[in-house]
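The block underneath contains the structure these notes are about, expressed in structure tokens.
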Amino acid sequence: MVLTVLTVLTVLTGVVGTGRYSPAVDGALLGLVARAAGMFAVTNIDDILVLALFFGRCAGHRGAAVRVVIGQYLGFAAILVASLAGALGAGLLPRPAIAYLGLLPLLLGIRAAWGVWRDRLVTGPDAGTGPDAGPDAGTDADAGPDPDAGPDADASVLTVAAVTFANGGDNIGVYVPVFATAGPAGLVGYSAVFLVLVGVWCGVGRFLATRPPVARTLARFGHLLLPAVLIGIGLLILVEGHAFGL
């Protein structure tokens with residue numbers, strides 16, 4: 001995969017002028033890949049936990065994992081577009097507005113928490129927390145799952161995309177100044193590496209969610225962890241950005 005990325009970057013950035021590679025070119029490409037990978041890892045480390053929670057919530061639901069991946073790509077694509085626009089001076093996302101992105105995960109977390117509370121009122125306080133509880137716990141043949149509170153709703157494309165974008169305030173703050181000085185070739189290079197690493201991040205999140213100990217924990221407590229994580233992310237973004245005078 002690394003060789004493929006390097007080849008694509010070489011062609012797109014127009015460094016193949018002599019028809020052969022040179023140590024200087026190879027070093028520049030490797031340096032760009034290393035910088036891009038480091039930036040991505042530092043600014044998206046918390047997304048692994050969120051992705052694992054999303055994948056855990058959609059376990060056993062056909063097509064739900066694909067929706068998580070699509071949502072993650074859409075959310076990160078929005079981050080990338082906002083960063084590129086900021087670097088090019090378009091002013092698409094004013095800096096003071098970034099802090100208010102925290103409202104998205106906060107509201108989604110409150111919505112998910114309300115769904116959990118409503119399910120407990122219907123099925124009893126022990127539903128979804130027993131050793132046999134899973135993604136479908138708390139439903140029965142008569143009532144059926146609540147379409148607004150089930151795993152599919154928690155891991156919908158729009159939900160994942162919104163959480164990813166809202167959690168990208170730090171990404172935008174880091175990417176804009178780097179992109180502003182990277183030049184056209186650098187922008188293509190950073191974008192290509194980032195988009196490849198989004199897939200890697202999804203793979204890591206999926207891997208964690210399918211490990212037996214992690215899967216059991218997510219199956220038992222995922223319906224509680226997801227709202228807590230989303231609310232925590234939202235509050236952190238609001239506080240760090242001094243939104244509402246915080």
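It should be emphasised that the depicted structure is a prediction, and the values quoted were computed from it without experimental measurement.
Among all heavy-atom pairs drawn from A52 and L208, the shortest one is CB-CB, 4.3 Å. Of all heavy-atom pairs between A209 and F55, the closest is CB-CB, 3.6 Å. For the residue pair A243 and Y100, the shortest heavy atom distance occurs at CB-CE2, 3.7 Å.
When the side chains of ILVMFWY residues are joined at heavy-atom separations under 4.5 Å, either directly or via intervening members, L84 and V198 end up in a single hydrophobic cluster. V69 and L158 fall into different hydrophobic clusters, defined by Ile, Leu, Val, Met, Phe, Trp and Tyr side-chain heavy atoms under 4.5 Å apart, directly or through other members. Transitive grouping of hydrophobic side chains (ILVMFWY, heavy atoms separated by less than 4.5 Å) brings F194 and V178 into a common cluster. In the hydrophobic clustering of ILVMFWY residues, with side-chain heavy atoms under 4.5 Å counting as a link, V200 and I45 come out together. Linking ILVMFWY residues whenever their side-chain heavy atoms come closer than 4.5 Å, directly or via other members, leaves L53 and L107 in distinct clusters.
L195 is not listed as a side-chain neighbour of F40, based on a closest heavy-atom distance of 4.5 Å or more. With contacts defined as side-chain heavy-atom distances shorter than 4.5 Å, the pair F165/F76 does not qualify. Side-chain contact between V193 and M39 is absent, with no heavy-atom pair separated by less than 4.5 Å. The closest side-chain heavy-atom distance from V160 to R67 is not below 4.5 Å. The side-chain heavy atoms of L103 and F244, taken from C-beta on, include a pair separated by under 4.5 Å.
I172 pairs with exactly one of I79, L80, T43 by the side-chain contact (heavy atoms from CB on, under 4.5 Å) rule, that one being I79.
Looking at W201, its side chain never comes within 3.5 Å of a backbone N or O of D47 through a donor-acceptor pair. Using a distance-only test at 3.5 Å, with no hydrogens or angles considered, a donor-acceptor pair links the side chain of Y73 to the main chain of G199. Without hydrogens or angle criteria, T210 side chain to F207 main chain gives a donor-acceptor distance under 3.5 Å.
For Y175 and Y190, the distance between ring centers is not under 6.0 angstrom.
Distance CG/L51 to CD/Q72: 4.0 Å, rounded to 0.5 Å. Atom-to-atom distance recorded for C202:SG and L197:CG is 11.0 Å, nearest 0.5 angstrom.
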